[in-house]
2 protein chains.
Amino acid sequence: MGISARKQREKREREELILKEARDLRLSKGYLGLTMDRIAQKTEYSKGTIYQHFSCKEEILMALSIQVMEKRCELFHRGALFKGRTRERIMAMGVGDELFARLFPDDLRSCLMMRMASFREKTSLERQIRLKSLEQRCMNIFAGIARDGMAQGDLPPESNPESICFSLWSISFGVYTLMRTDIPLAELGIDDPYQALNQSCHTLLDGYHWTPLLSEWDYEKSLERVRKEIFPDEFARLESE
Amino acid sequence: MGISARKQREKREREELILKEARDLRLSKGYLGLTMDRIAQKTEYSKGTIYQHFSCKEEILMALSIQVMEKRCELFHRGALFKGRTRERIMAMGVGDELFARLFPDDLRSCLMMRMASFREKTSLERQIRLKSLEQRCMNIFAGIARDGMAQGDLPPESNPESICFSLWSISFGVYTLMRTDIPLAELGIDDPYQALNQSCHTLLDGYHWTPLLSEWDYEKSLERVRKEIFPDEFARLESE
DNA sequence: TGTTTTTCTGACTATTCGTCAAAAAAATGA
DNA sequence: TCATTTTTTTGACGAATAGTCAGAAAAACA
């Protein structure tokens with residue numbers, strides 16, 4: 001018993017080492033510089049051993065995407081736990097997402113690849129399902145708050161929680177992706193894309209009549225509370241950089 | 001003279017043939033199935049000849065992205081020419097973009113790759129600049145209408161044209177990209193992402209106080225006019241599919 | 001300590017990118 | 001027309017990388 005437990009643990013640890021080195025390599029050499037030989041060299045295992053864990057390069061990238069989504073999901077989840085009005089909780093989730101985007105910009109970038117069918121198709125069904133369910137989970141946290149909002153009268157009864165989620169999700173995804181492209185946003189007159197995103201989200205929420213409206217509430221104060229109560233460590237880390 | 005003119009024409013034609021076959025291959029076999037040998041075979045030229053036109057695979061994909069952006073830009077441009085209120089003109093541009101997304105879904109998908117630094121970096125500076133300037137042109141058409149809007153009093157004088165553009169651009173980009181992923185939007189409660197996008201854009205525009213507001217104008221009627229006056233062929237084509 | 005089972009290895013094959021010397025074709029000119 | 005020069009095309013080749021697998025090494029077992 002003890003032996004197989006140890007072996008399982010060792011396997012898990014090795015898997016994590018592989019992912020860690022792969023992540024570093026992707027960071028320093030980019031996707032095209034990430035090769036199986038290099039991963040083998042860095043982990044000090046042979047290529048065969050790497051292939052026992054991951055059937056192809058795409059599988060490794062998929063595993064990295066899953067790690068990213070897990071971390072993101074966790075920040076979302078913590079944001080959703082904020083004690084306050086439903087719209088404040090949505091904002092807290094947004095803050096979590098922004099923190100993630102600021103702290104791990106390159107990880108978000110690497111996920112983009114898995115949006116392309118050609119790459120995703122090479123990965124195991126198991127991981128595909130895992131990633132999809134994580135995305136679904138994020139959406140559900142969101143939609144849950146929207147439903148709370150309707151129950152508490154913060155949202156009109158005829159609202160459609162899913163389409164509210166979808167628009168916020170789309171605009172965040174769009175902003176974070178465009179930001180990472182080398183289009184010079186500053187030259188186009190966008191000095192602070194995070195600020196622009198934040199404002200757009202408030203505009204959308206006002207448009208959906210999610211109360212209290214921006215004009216009726218001090219969301220700066222809410223932001224302060226979110227920082228202190230929910231993400232103290234992340235904010236500290238961000239500021240120390 | 002005649003000879004070198006003919007040769008130049010032949011070169012251009014060959015280049016177009018290569019791009020056409022590359023596009024077909026990408027469509028049928030995906031990015032990973034698009035190889036230089038296959039392109040050579042399909043075009044009935046040798047690999048060396050292909051390499052005289054394009055220094056690498058990424059260069060071909062970049063050239064395809066540029067073609068896509070040119071086509072998109074043209075639809076934008078036509079939309080902007082709509083005779084009407086400034087907000088109607090913005091809507092007409094949105095209609096153009098939706099038409100493009102519906103008519104050429106796979107081309108939009110292929111552009112995603114060029115968002116990734118790792119790929120873009122392998123392409124010639126010349127094409128990089130060309131693509132960037134096309135994106136810039138799209139933004140300028142947009143921002144120009146926003147400035148018209150301010151001049152005509154349709155937008156408050158303190159508006160920021162660039163941030164309005166950026167939010168619309170981000171949400172469109174986000175929706176079109178997420179749509180092409182195999183996340184089952186229908187299961188998440190999004191039956192019609194185009195409709196959702198359209199509504200979100202109106203919400204944003206209302207939020208920016210771009211008059212006439214959605215409630216003050218019959219935009220359905222405007223849409224009808226845009227169809228008839230600006231994009232008759234594209235709509236016919238869409239309906240015949 | 002010998003046997004069995006599991007794990008690991010890196011040489012090997014296959015694929016694809018990108019190059020380039022030589023062949024073919026086209027242009028030139030007497 | 002045909003020999004010479006210039007341009008274009010070709011596909012065999014070298015290099016890099018993905019992915020495999022028979023045998024070596026290590027671990028577990030008895």
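What you see is a predicted model; the values in this text were computed from it and never measured. A, B, ... follow the sequence lines: proteins, then strands. Residue 1 opens every chain.
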| For E162(A) and R147(A), which heavy atoms make the closest approach, and how far apart are they? | OE2-NH1, 3.6 Å
| remark: E10(A) CD to dC8(C) C1', in whole Å, measures 13 Å
| Are R14(A) and dC8(C) close enough that a side-chain N or O sits under 4.0 Å from OP1 or OP2? | yes
| query | Whole Å only: how far is the NZ atom of K11(B) from the P atom of dT8(D)? | reply | 8 Å
| said: With the threshold set at under 4.0 Å for non-hydrogen atoms, list the residues of residues 19-31 of chain A touching DNA chain C in residue-number order. | reply: none
| query | In terms of ring plane angle, is the pair F166(A) and W169(A) parallel, tilted or perpendicular, where the classes change at 30° and 60°? | reply | perpendicular
| request: Identify, between T35(A) and G48(A), the residue whose nearest nucleotide on DNA chain D lies closer to the 5' end. | output: T35(A)
| query | Counting just side-chain N and O atoms, does K7(A) come under 4.0 Å of either OP1 or OP2 of dA26(D)? | reply | no
| Phosphate contact (dC8(C) OP1 or OP2) by S46(A) side-chain N/O below 4.0 Å | no
| said: So, OP1 or OP2 of dT9(D): does either fall under 4.0 Å of a side-chain N or O from Q52(B)? | reply: yes
| Is the distance between the ring centroids of Y45(B) and Y51(B) less than 6.0 Å? | no
| Distance in angstrom units between D37(B) CG and dC13(D) C1', rounded | 13 Å
| field | Atom-to-atom span, CD of E58(A) to P of dA18(D) - whole angstrom | value | 9 Å
| message | Rounded to whole Å, how long is the line connecting atom CD of E15(B) with atom P of dT8(D)? | response | 14 Å
| message | Once you apply a heavy-atom cut-off of 4.0 Å, does L32(B) come out as touching a base, just sugar-phosphate, or nothing? | response | nothing
| So does D24(A) pair up with K42(A), basic N to acidic O under 4.0 Å? | no
| said: Looking at R23(A) and D107(A), is any side-chain nitrogen of the basic one under 4.0 Å from a carboxylate oxygen of the acidic one? | reply: yes
| Euclidean distance, atom CZ of residue R6(A) to atom P of dA26(D) [Å, nearest integer] | 15 Å
| Does the gap between the ring centers of F235(A) and F231(A) come in under 6.0 Å? | no
| request: Would you confirm whether the ring centroid of F76(A) sits within less than 6.0 angstrom of the ring centroid of F100(A)? | output: no
| query | Within this structure, what is the CE-to-C1' distance between M36(A) and dT20(D), rounded to whole angstrom? | reply | 12 Å
| request: Could you tell me the separation between the CD1 atom of I39(A) and the P atom of dT17(D), rounded to a whole number of Å? | output: 12 Å
| Any donor-acceptor pair under 3.5 Å between the side chain of K47(A) and the base of dG19(D)? | yes
